[in-house]
Number of protein chains: 2
Amino acid sequence: MEQPTTHQLAHWLKVLAEPRRLQILNLLMAGVQCNCELGTQLDMAPNLISHHLSVLRKAGLVEVERDAVDARWVYYAINRPNLEALNATFTAFFDPARIQPRQPNCGPQTACEPDDAVTTR
Amino acid sequence: MEQPTTHQLAHWLKVLAEPRRLQILNLLMAGVQCNCELGTQLDMAPNLISHHLSVLRKAGLVEVERDAVDARWVYYAINRPNLEALNATFTAFFDPARIQPRQPNCGPQTACEPDDAVTTR
DNA sequence: GATACAATCCAATTGTGGTTGAAATATTGC
DNA sequence: GCAATATTTCAACCACAATTGGATTGTATC
C-alpha cells in the first residue's frame, strides 16, 4: 500500500517544516558551518541551535565534525547523499504528471459506497 | 534578506508536514476527489477531512468545485500550477549544487564574531 | 590541578496545531 | 413550508514540539 519512501518523506517534511531549521540549512548550504556564527547570524541561543541541529542530524540531513586543531569547535555540514534522496523523493511524490482526472465512483449519480455502484438516478 | 520564495516554502512545508494531509494529496492525485470516498478510504470523520482540505485550499494546493447536478457534493482537485511552483521552489532550495565548502571566518584561528555585524543591529 | 570556553543535556514552561463532538450552513426533494 | 443529505464551522480538549534557563560534559590553556 504505502511505499516506505512516503513515510520517510513525511518524517523529513516534519523536520523541515520549521522556519529556523530552514534558515540553518540555508546557511549550512552557503558555507556557514560554525555553531557560534550561526548563533550570531540567526540571533538564537546556542543551546537552541544545538537542539535544532540535533533534530537535523537525527534525520540524516546534516553531519557533524570536530575541529582538528581545537576539538571544542564543531562544524556541521549537509549530508549530500541524503539531500539528493530527499530531493528525488519529493519530486517523485509531487510530480504533476501523477495527477489523474477524477474517477466518478462517488457522487449524485453513483452510490457513495465503492461496492454497490449500481443505482438509478 | 529573505527572498519571498523561502517564506512561501516554509509555509508550504508546514502544511505538508502532516501524514493525513499527505495521504489526502496522494488520493487526490490518484483521482479520488469525492469527499465521502476520502472519508471511507482514510477512515476519518468528515469534519476532519474538511478541516485538512481547508488548510490545503488556503495554501493554494487544492481547488474546490461543486457538482453541477447536485451542489451538495463538492470535489477537490490538485492546483497544478501551484504544485509545479512548489516542486520548483523545493528543488531550487534543496539543490545539492548549492552546497558550498566551509568558509572559515570562525573557529580557533579567527575571531568568532564577524566584524561587519558589530556596527549595525 | 584549576580555570575558561564551546557545546550539549536536562527539566520545566509555553504555544501551536490536530482532534473531537455538536451546532450551523447550504442545497435538494417532498 | 418541512425533512433529509453533504459539508462546514465552532468551541473545547489534548498532545507534541519549540523555547527557556540552568546544569553538565568535554577540551584547551595556564
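Every chain is numbered from 1 and lettered A, B, ... according to where its sequence line falls, protein lines coming before strand lines.
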**Message:** Nearest heavy atom decides the nucleotide; on that basis, is A:Val15 or B:Val64 closer to the 5' end of DNA chain D?
**Reply:** B:Val64
**Prompt:** Quick one: B:Asp67 CG to C:dT28 P, roughly how many Å, whole number?
**Reply:** 9 Å
**Asked** Just how far, in rounded Å, is P of C:dA7 from CZ of A:Arg66?
**Response** 9 Å
**Message:** Let's see if you can work this out: which of C:dC9, D:dT27, C:dA7 has an atom nearest to the side-chain heavy atoms of A:Asn47?
**Reply:** C:dC9
**Item:** Minimum-distance nucleotide (side-chain atoms of B:Arg72 versus C:dT19, C:dA7, C:dT28)
**Value:** C:dT28
**Asked** When the nearest nucleotide of DNA chain D is assigned to A:Asp70 and to A:Arg21 on a heavy-atom basis, which residue is associated with the more 5' position?
**Response** A:Arg21
**Prompt:** How close or far is atom P of C:dG21 from atom CE of B:Met44, stated in whole angstroms?
**Reply:** 14 Å
**Request:** Indicate whether OP1 or OP2 belonging to C:dA7 is found under 4.0 Å from a side-chain N or O atom of A:Tyr75.
**Result:** no
**Heavy-atom closest pair, residues B:Leu22 and B:Leu16** = CG-O, 3.6 Å
**Item:** Rounded distance in Å - CG (A:Leu48) to P (C:dT8)
**Value:** 12 Å
**Prompt:** In terms of side-chain heavy atoms of A:Ala71, which of D:dT8, D:dT7, D:dT27 is nearest?
**Reply:** D:dT27
**Message:** Rounded to whole Å, please give me the gap between OH in B:Tyr76 and P in D:dA6.
**Reply:** 14 Å
**Asked** Distance only, no hydrogens: is a donor on one side chain within 3.5 Å (strictly under) of an acceptor on the other, for B:Arg57 and B:Asn79?
**Response** no
**Request:** Round to a whole Å and report the spacing from CG of A:Asp43 to P of D:dT19.
**Result:** 12 Å
**Prompt:** Over how many whole Å does the gap from A:His51 atom NE2 to C:dC9 atom P extend?
**Reply:** 11 Å
**Item:** Lys/Arg cation over aromatic A:Tyr75: A:Arg66, 6.0 Å, 45° cone
**Value:** no
**Request:** Could you check A:Arg20, A:Arg21, A:Glu18, A:Gln23 and say which one makes a side-chain hydrogen bond (donor to acceptor under 3.5 Å, both in side chains) with A:His52?
**Result:** A:Arg21
**Message:** I want to verify a distance call: between D:dA17, C:dT8, C:dG17, whose nearest atom is closest to the B:Lys14 side chain?
**Reply:** C:dG17
**Prompt:** Is it true that the side chains of B:Asn35 and B:Tyr76 contain a donor and an acceptor less than 3.5 Å apart?
**Reply:** no
**Asked** Of the nucleotides D:dA18, D:dA17, D:dA6, which one has an atom closest to the side chain of B:Trp73?
**Response** D:dA6
**Request:** Write down the distance between CD1 (A:Ile49) and P (C:dC9), rounded to a whole number of angstrom.
**Result:** 15 Å
**Prompt:** Can you find a side chain N or O atom of B:His52 that sits less than 4.0 Å from OP1 or OP2 on C:dT19?
**Reply:** yes
